[in-house]
Number of protein chains: 2
Amino acid sequence: MPANRRPQDRQEKRAEIVDAAEQLFVDVGFEDTPMARIAAAAGVTTTTIYWYFDDKDALLVAVLDQVLASALREHAAAGEQPWDEQLLWVITRLRRLHRLVSVVHARVSSSPVVNDWHDRFHALADINLAEGFRAAGVREQDLPAATRIAVFVIEGLLTHTHDEQTARDIVRLLGALT
Amino acid sequence: MPANRRPQDRQEKRAEIVDAAEQLFVDVGFEDTPMARIAAAAGVTTTTIYWYFDDKDALLVAVLDQVLASALREHAAAGEQPWDEQLLWVITRLRRLHRLVSVVHARVSSSPVVNDWHDRFHALADINLAEGFRAAGVREQDLPAATRIAVFVIEGLLTHTHDEQTARDIVRLLGALT
DNA sequence: CCGGTTCTTGAATGCCATGCAAGAGCAGCC
DNA sequence: GGCTGCTCTTGCATGGCATTCAAGAACCGG
C-alpha cells in the first residue's frame with residue numbers, strides 16, 4: 001500500500017531540516033530566522049518544511065529534542081565527577097544555547113507544544129538534579145527547594161552573560177545548601 | 001519657536017499610550033499584542049504611537065520603566081520587613097509580570113534599547129539585593145554570588161508556575177546562604 | 001490671518017508564517 | 001508498459017503585522 005521510496009528517506013530529509021534549523025536557532029535565534037532561511041540552508045523550499053512539521057514551533061521542539069539528547073549523551077560520556085564539577089560542566093556546555101533557553105520561555109505561554117516540551121524538560125531536570133543533590137548530601141526535606149534553586153540558577157547563568165569565575169563562585173556557594 | 005499647545009499635553013497622551021500598552025503587555029503579552037490593538041485601547045491610530053515612540057521596543061522600555069517605578073514605590077511604602085518577607089513580597093508582587101520578564105530576556109539579544117534597560121535593571125537589582133543580604137548577615141565575600149543566585153531564583157520563580165508553599169521553601173533555603 | 005510647528009491619520013510597503021492546488025517521482029498491479 | 005494511488009515538492013497566494021510616507025488638521029506666536 002505505502003509507496004515509500006526508501007523507508008529511510010523521510011527521516012533523513014527530516015533530519016537535514018532539523019540540523020539546519022538547529023544551527024540557525026542556536027546562532028541567530030528563533031525569532032530572527034525566517035522559515036525561508038532554514039529552507040535554503042536545508043536545500044528545500046519553505047513549503048517542504050511544512051510537510052514534515054506542523055509549524056515553526058513544532059520545528060523548534062524537534063530542535064530542542066535533538067539538542068537535549070545530544071547534551072545528555074555528552075554528559076553520560078563525561079563519566080562520574082564531583083557534583084560541583086557536574087554543575088559547572090552543564091553551565092559551560094549549555095552556554096551557547098542561551099538563545100534557545102530564552103525563546104522557550106518566551107513561547108511557553110502561547111505555544112502548547114513548546115509548553116509541553118518545557119514541562120517535560122523540567123521534569124527530567126528535576127530528577128537529575130535531585131539525584132545529584134541527594135548524593136552531595138542535601139537533607140531529604142530540602143531536596144525539592146534545592147533542586148528548583150539549581151534549575152533557576154542554571155537557567156539564569158545561561159541567559160545572562162557572566163565570566164568563568166562568577167560561575168565558580170555561584171556553584172561554590174550553592175554547595176552551602178548541603 | 002515651539003508651537004506647543006499646552007506643555008502638559010504631550011506627556012499626557014504619551015502616558016495614555018503607555019498605560020494601554022502596559023495593560024496589554026502584562027495580560028496578553030508583547031508578541032501577542034499588535035500595535036493596532038494598543039492604539040485602539042489608547043484611542044489613537046497606530047501611526048500616532050510612532051510619533052511618541054521610535055518602535056515597539058521603545059514602547060516596551062517605557063512600559064518597563066513605568067512598571068519598575070511603580071513596584072519600587074510600593075516596596076518603599078511597604079516599610080521595613082525581615083529579609084525573607086521582603087523576598088517573598090517581591091515574588092508575589094511581581095508574579096503577574098511574568099510575561100514582561102520573559103519577553104525582556106527574549107529581546108535582549110536583538111534589541112539594543114531592551115538590552116540597555118536589562119543592564120540597568122540588573123545593576124539596580126544587584127544593589128538592592130546585596131544590601132539586603134548584607135543586612136541579613138551574608139559574609140562580605142559571598143555577597144556577589146548570593147546576589148546573583150537571588151536574582152536568578154526570583155526570575156525563575158516569576159517565569160515558572162509554582163505554589164505559595166514552594167516559594168516559601170525556596171526562600172527559606174536561600175536563608176541557608178547566610 | 002499667517003507661517004511654522006506639533007500632531008494625526010489613511011494608505012502604502014515589505015517581511016513573514018502559513019495555506020492551497022497543481023504537479024513529480026515512485027511502487028505495485030494489470 | 002500503462003494506470004493508479006501514494007509520498008513529496010513546489011510556486012503562488014493570503015493575511016497579519018511592524019513600520020513608513022505623504023498629506024492634512026490643529027494650534028501657537030506674531
Side-chain angles (χ1 to χ4, degrees), chain A residues 1-21 24-25 28-63 99 103-104 106-107 109-114, chain B residues 1-21 24-25 28-63 99 103-104 106-107 109-114:
Chain A
M1 234 69 82
N4 248 337
R5 267 160 272 227
R6 289 146 279 180
Q8 286 306 86
D9 221 22
R10 181 179 171 84
Q11 295 309 317
E12 279 174 18
K13 183 63 72 76
R14 196 190 128 104
E16 279 172 33
I17 296 172
V18 174
D19 286 344
L24 288 165
F25 288 172
V28 180
F30 177 83
E31 313 271 11
D32 292 334
T33 25
M35 291 294 269
R37 192 160 165 196
I38 304 169
V44 295
T45 337
T46 317
T47 325
T48 300
I49 299 184
Y50 283 90
W51 176 256
Y52 292 92
F53 301 94
D54 279 350
D55 52 19
K56 207 181 173 188
D57 286 315
L59 177 54
L60 173 61
V61 167
V63 167
R99 279 180 238 266
V103 80
V104 165
R107 304 204 54 62
S109 58
S110 50
S111 163
V113 280
V114 174
Chain B
M1 237 68 85
N4 248 336
R5 265 162 274 226
R6 288 144 279 180
Q8 287 303 87
D9 219 24
R10 182 180 172 83
Q11 295 309 317
E12 279 174 20
K13 183 63 73 76
R14 197 190 128 104
E16 278 171 33
I17 295 172
V18 174
D19 286 343
L24 287 165
F25 288 172
V28 181
F30 177 83
E31 312 270 10
D32 292 334
T33 322
M35 291 294 269
R37 192 162 164 195
I38 304 169
V44 295
T45 337
T46 318
T47 324
T48 300
I49 299 183
Y50 283 90
W51 176 257
Y52 292 92
F53 302 93
D54 280 349
D55 53 20
K56 205 180 173 186
D57 286 314
L59 178 54
L60 173 62
V61 167
V63 167
R99 279 180 238 265
V103 81
V104 165
R107 303 204 55 64
S109 59
S110 49
S111 164
V113 280
V114 174

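Lettering follows sequence order; numbering is per chain, from 1.
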task = Round to the nearest Å and state the distance from A:I49 atom CD1 to C:dT18 atom P.
result = 11 Å

task = Drop me the distance from B:Q11's CD to B:Y52's OH, to the nearest 0.5 angstrom.
result = 9.0 Å

key: Any B:K56 side-chain nitrogen or oxygen under 4.0 Å from OP1 or OP2 of D:dC17   = no

query = Taking atom CG of B:L59 and atom OG1 of B:T33, what is their separation to the nearest 0.5 Å?
reply = 10.0 Å

ask   = When you check the phosphate oxygens OP1 and OP2 of D:dT10, does a side-chain N or O of A:T48 lie under 4.0 Å from one of them?
value = yes

request  = Check every atom of D:dT20, D:dT10, C:dC16 against the side chain of B:Y50 and return the nucleotide holding the closest atom.
outcome  = D:dT20

inquiry  = Go nucleotide by nucleotide along DNA chain C from the 5' end; which of A:E31 and B:Y52 gets its closest nucleotide reached first?
reply    = B:Y52

request  = Could you check A:D32, A:V18, A:L60 and say which one makes a side-chain contact (heavy atoms from CB on, under 4.5 Å) with A:F25?
outcome  = A:L60

Selected nucleotide, minimal atom distance to B:W51 side chain, candidates C:dT9, C:dT8, C:dC20 = C:dT8

ask   = Which whole-number value in Å describes the distance from A:L59 CG to C:dT18 P?
value = 10 Å

note = Separation of D:dT9 atom C1' from A:E16 atom CD, nearest Å, is 14 Å

key: Presence of B:R10 side-chain N/O under 4.0 Å of C:dC7 phosphate oxygens OP1/OP2   = yes

task = Can you tell me the distance, in whole Å, between the CD1 atom of B:I38 and the P atom of D:dC17?
result = 11 Å

Given C:dA17, C:dT6, D:dC8, the nucleotide with the shortest approach to the side chain of A:M35 = C:dA17

ask   = Which whole-number value in Å describes the distance from A:D57 CG to C:dC16 C1'?
value = 14 Å

query = Which listed nucleotide (D:dT10, D:dC17, C:dT18) is nearest to the side chain of A:T47?
reply = D:dT10

task = Rounded to the nearest angstrom, tell me the gap between atom CG in B:D9 and atom C1' in D:dA26.
result = 11 Å

Separation of C:dC7 P from B:I17 CD1 (nearest whole Å) = 11 Å

ask   = Is the cationic atom of A:K56 (NZ for Lys, CZ for Arg) positioned less than 6.0 Å from the six-membered ring centroid of A:F30 and within 45 degrees of its normal?
value = yes

Residues that B:D55 engages under side chain to side chain donor-acceptor pair (under 3.5 Å), provided they are two or more places apart = none

task = Report which part of the nucleic acid B:T45 touches: base, sugar-phosphate, or nothing (heavy-atom distance under 4.0 Å, all strands).
result = sugar-phosphate

query = Whole-Å distance between D:dT19 C1' and B:L60 CG?
reply = 17 Å

